[in-house]
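Proteins get letters first, then strands, A, B, ... in listed order; numbering begins at 1 in each.
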4 protein chains.
Amino acid sequence: MSDKRRRRVPRQVREQQIIDMAVQVFAKRGYHPASVDEIAELAGISKPMVYLYLDSKEGLFLACLRREAERLATAFQKAARGVGSPEMRLWAGLSAFFAYVTEHRDSWVVLHRQTSELSEAITEEVARARRAVMAEVAGLVRDGIAEAAGPVRPGDEEADFVAHVLVGAADSLTDWMERHPGETPDRVARRLMNMVWVGMRNVLGGELWEPPEPPHAPEGPEAPDAPHAPDVPGPPSVEG
Amino acid sequence: MSDKRRRRVPRQVREQQIIDMAVQVFAKRGYHPASVDEIAELAGISKPMVYLYLDSKEGLFLACLRREAERLATAFQKAARGVGSPEMRLWAGLSAFFAYVTEHRDSWVVLHRQTSELSEAITEEVARARRAVMAEVAGLVRDGIAEAAGPVRPGDEEADFVAHVLVGAADSLTDWMERHPGETPDRVARRLMNMVWVGMRNVLGGELWEPPEPPHAPEGPEAPDAPHAPDVPGPPSVEG
Amino acid sequence: MSDKRRRRVPRQVREQQIIDMAVQVFAKRGYHPASVDEIAELAGISKPMVYLYLDSKEGLFLACLRREAERLATAFQKAARGVGSPEMRLWAGLSAFFAYVTEHRDSWVVLHRQTSELSEAITEEVARARRAVMAEVAGLVRDGIAEAAGPVRPGDEEADFVAHVLVGAADSLTDWMERHPGETPDRVARRLMNMVWVGMRNVLGGELWEPPEPPHAPEGPEAPDAPHAPDVPGPPSVEG
Amino acid sequence: MSDKRRRRVPRQVREQQIIDMAVQVFAKRGYHPASVDEIAELAGISKPMVYLYLDSKEGLFLACLRREAERLATAFQKAARGVGSPEMRLWAGLSAFFAYVTEHRDSWVVLHRQTSELSEAITEEVARARRAVMAEVAGLVRDGIAEAAGPVRPGDEEADFVAHVLVGAADSLTDWMERHPGETPDRVARRLMNMVWVGMRNVLGGELWEPPEPPHAPEGPEAPDAPHAPDVPGPPSVEG
DNA sequence: CATGAATGAGGTTTCATTCAT
DNA sequence: AATGAATGAAACCTCATTCAT
């Protein structure tokens, strides 16, 4: 309509524009419900261009996947790379991860394809089921700490946090088990217990882990000018 | 085709048969690529029956979701409910969870809708990206323990396990963050560190958590007759 | 649900019950969109009964058509039959017709299949088109009388009435023409002019035709106890 | 099939081609029984084109409705507009109407959606019922004139004509009544009597209305070059 | 007299994809 | 570099109708 500057644009630029819009649409709708028509229209070009540059819907989605995965990985690596202790580097990486997904919802949704791809009713049912599991686990967690630590009354928030860790870990370990056929559910469960049981109390008690002591590397996990992961904070500077 | 004995079957039975097949197909293909045609054919009936009983494709999927979610939840609860200490109960619940998803892959896939819903190429790309992340984290983990624990050389398996826990937890905490807007990535990362840093070493050292002391309930987490979650093991009985 | 008296019912009664409901549903939805399912459910029986008694959807509709057409015809005939002059009898018949269709909307709709059968949007478009034609004709009519009768300002209502007569007559004559291939549009138009041009002025002037002189037949068009066409009024008794 | 020259055709042209065929099919079959498949095939294109240009079956039908309604209205207006007296203009309009519907049966059927939409058996039943009503009314009419006018024996044709006018008018007035809730069937009947009783005798007597006197516009209602309503005749020129 | 179970056929609609300009 | 025109395939869903009880 008001197209005046939709001039001839070099391929690389166009490609990025297309992918930009595709990430938006795929995140909003999910893979199958997303239509190439909509993406092309949003990008301000015609469909044949999309096919010329990205080959197919699948190719387009793969391009999104690759670009976004690389950006997230880069954010993590940039933060984790450095001189600090491994402990510090892990922390920095995690911080960067959380900062990145906070800033780039669409990117994360496309990579993880949570929500969407399904109608609202279905999405809601899935969320409901997951919430029920969380509540169950959180209750168990609260009981555990209450009995073990006496008067400590863990807040709902902390218990919920622990529940998310446990459930997320369990989800993920399901994949791990698949590649370790010898492992039994029992052993996996014990390992997970081993890993989280001690630390759980700290969290429920409201403690916050502190970087042990930055001996003489003042910047710790630094990410000076990460162009796409803007705010990986150094230890003290905590952004809103 | 082969069976001519497709006789009149009461509604409740047919409904379960349909859902049985639907879970299979949805797990294999994902929601959108799955076709009601295929489900009906597998169930040995015609499409209109599916619509008569389950209303729509979405209704069918919701029915799958509800039934499978309830079965999984029941398996967990049955195991976790009991007299033992919370610690024991959590362990029992986790064991039951892993046992259940081991036995019922389709159920878990439908509930989690990981793979599928996307073409093979895309699924593979997603898996690749996730593997890359895992490897990165596992490396960090290995470094950490190597430096901290001196001569201990953690096996790849253990490091990979820890990485799965961390990545799964991070995934899940992304949802948690969404409902706690005040939280900063920095604080979330610290909490996670707090929870796992200590226990991580145990795992990497190859330790296996042991039920503290079963005072006078010698069988630990028992699930005597779980109808659908067959093998929630007591500590010693480990199934293949 | 609260079926207590849905006992064995003799065929003739059941048939009428079915037709009763069918008239309702066909009137509301139109022939094709109406579903036998809905009719059966409303009638409180199962579908096979409908087929047993009325053979098919078409048979069911034909039964509706016949019964309702007969009722309307009966109402007309009962009123028009009698001792009065033909003028009076025609008037009585028309009165009975208008009374009947006023009382039995569904019946009329099924017979005339106006509205319905089409989605709301389409119905509305049809109505719009018809209104436009009416307005055009009414304007012409108003102009005609204004010029011809000097100061008489016909009300909108009267002009609209005349327009309806003209348009309805034209619609109907379209069928008539089909069976008189020799007739030209020109001759048909002249005939119609001939028939309405004089009387038009009376109507526009607000005059009301009066039964010439009811000599000594005090009841005029009577319909003493018409069971289904309750209110064919004698000349003076005008119901609300 | 036969024509290989199905070349790229600009949108506006294709749209009209599609609507052309749709009018045919809708007229032949009625709205619901008509299938988009058939329309597309007749138009020599594939179904998706129909949906691309007209959005939906309903949209397609609406497009037919609008175009045909406008053409008919235009034919009427073009003829009725002019210098003659209102009487003449009304006559000219009616002439044009009858000429148009004579030439464009499909157009009229779609607009009026009489026949069709129903199976042949049902259509026939409807026609039968209507014929019965017509016969009844025609009988009344013949009686009336016979008694009132003495030796005049109105032909069947004339009585049938009058009956069509009366029945068509009554149909149409049913709608009018709906928008005038205060009116009673009695008053409506009187009005209709008022309007037609006098003119009826003229028609039954075989008289033909003559344009009063075309003062100095000798050709009466002319429509010199109506592109789509070819034969709106001036008084003398009567086409076959 | 009465019905729950079952289906074949067909409808509208949408989409990814390509041709011809 | 870019696009309007066009389509094959397949999806979901509904309905009138019939068995077998």
Could you state the atom-to-atom distance from CD1 of D:I45 to P of F:dG4 in whole Å? 18 Å
Pick base, sugar-phosphate or nothing for A:R11, based on heavy-atom distances below 4.0 Å to the nucleic acid. nothing
Here the distance between atom P of F:dA11 and atom CD1 of B:I39, to the nearest Å, is 11 Å
Calculate the interatomic distance between D:Y53 atom OH and E:dT12 atom C1'; express it in whole Å. 20 Å
Residue pairs passing the salt bridge (charged side-chain N to carboxylate O under 4.0 Å, His left out) test where at least one lies in residues 34-44 of chain A, sequence neighbours excluded: A:R29-A:E38, A:D37-A:K47
Under 30°, 30 to 60°, or over 60°: which ring-plane class applies to D:Y31 and D:F61, parallel, tilted or perpendicular? perpendicular
Separation of D:I18 atom CD1 from F:dT7 atom C1', in whole Å? 13 Å
From CD of B:E15 across to P of E:dA6 the rounded distance in Å is 11 Å
Taking N or O atoms only and anything under 3.5 Å, show me the protein contacts with nucleotides 17-21 of chain F, one pair per line.
{"unit_1": "F:dT17", "atom_1": "OP2", "unit_2": "C:Y51", "atom_2": "OH", "d": "3.0"}
{"unit_1": "F:dT17", "atom_1": "OP2", "unit_2": "C:K57", "atom_2": "N", "d": "2.9"}
{"unit_1": "F:dT17", "atom_1": "O4", "unit_2": "C:K47", "atom_2": "NZ", "d": "2.6"}
{"unit_1": "F:dC19", "atom_1": "O2", "unit_2": "B:R8", "atom_2": "NH1", "d": "3.0"}
{"unit_1": "F:dC19", "atom_1": "O2", "unit_2": "B:R8", "atom_2": "NH2", "d": "2.5"}

Writing each nucleotide of DNA chain E 5' to 3' as (, ), [, ], | or . by Watson-Crick or G-U pairing under 3.5 Å yields .||||||||||||||||||||
How many Å lie between CD on B:E38 and P on F:dA11, as a whole number? 9 Å
Test of understanding: with side-chain hydrogen bond (donor to acceptor under 3.5 Å, both in side chains), list the residues that count as partners of B:Q17, not counting sequence neighbours. B:R14
Think D:R14 has a side-chain N or O under 4.0 angstrom from the OP1 or OP2 of F:dA6? yes
Going by the rule side-chain hydrogen bond (donor to acceptor under 3.5 Å, both in side chains), which residues pair with B:E15 if we only count those two or more places apart in sequence or in a different chain? B:R11
Per side chain to side chain contact (heavy atoms under 4.5 Å, CB included), D:V23 is matched among D:L65, D:D106, D:I39, D:I18 by D:D106
Provide the full list of salt bridge (charged side-chain N to carboxylate O under 4.0 Å, His left out) pairs with a residue in residues 52-65 of chain C, sequence neighbours left out, each pair given once. none
Would you mind telling me which of C:I19, C:L54, C:D20, C:L111 makes a side chain to side chain contact (heavy atoms under 4.5 Å, CB included) with C:C64? C:I19
Rounded to whole angstrom units, what separation is found between the CG atom of A:L52 and the P atom of F:dA1? 7 Å
Look at all strands and tell whether B:A40 reaches a base, only sugar-phosphate, or nothing, counting heavy atoms closer than 4.0 Å. nothing
Rounded to the nearest Å, what distance is computed from the CE atom of residue A:M49 to the P atom of nucleotide F:dG4? 12 Å
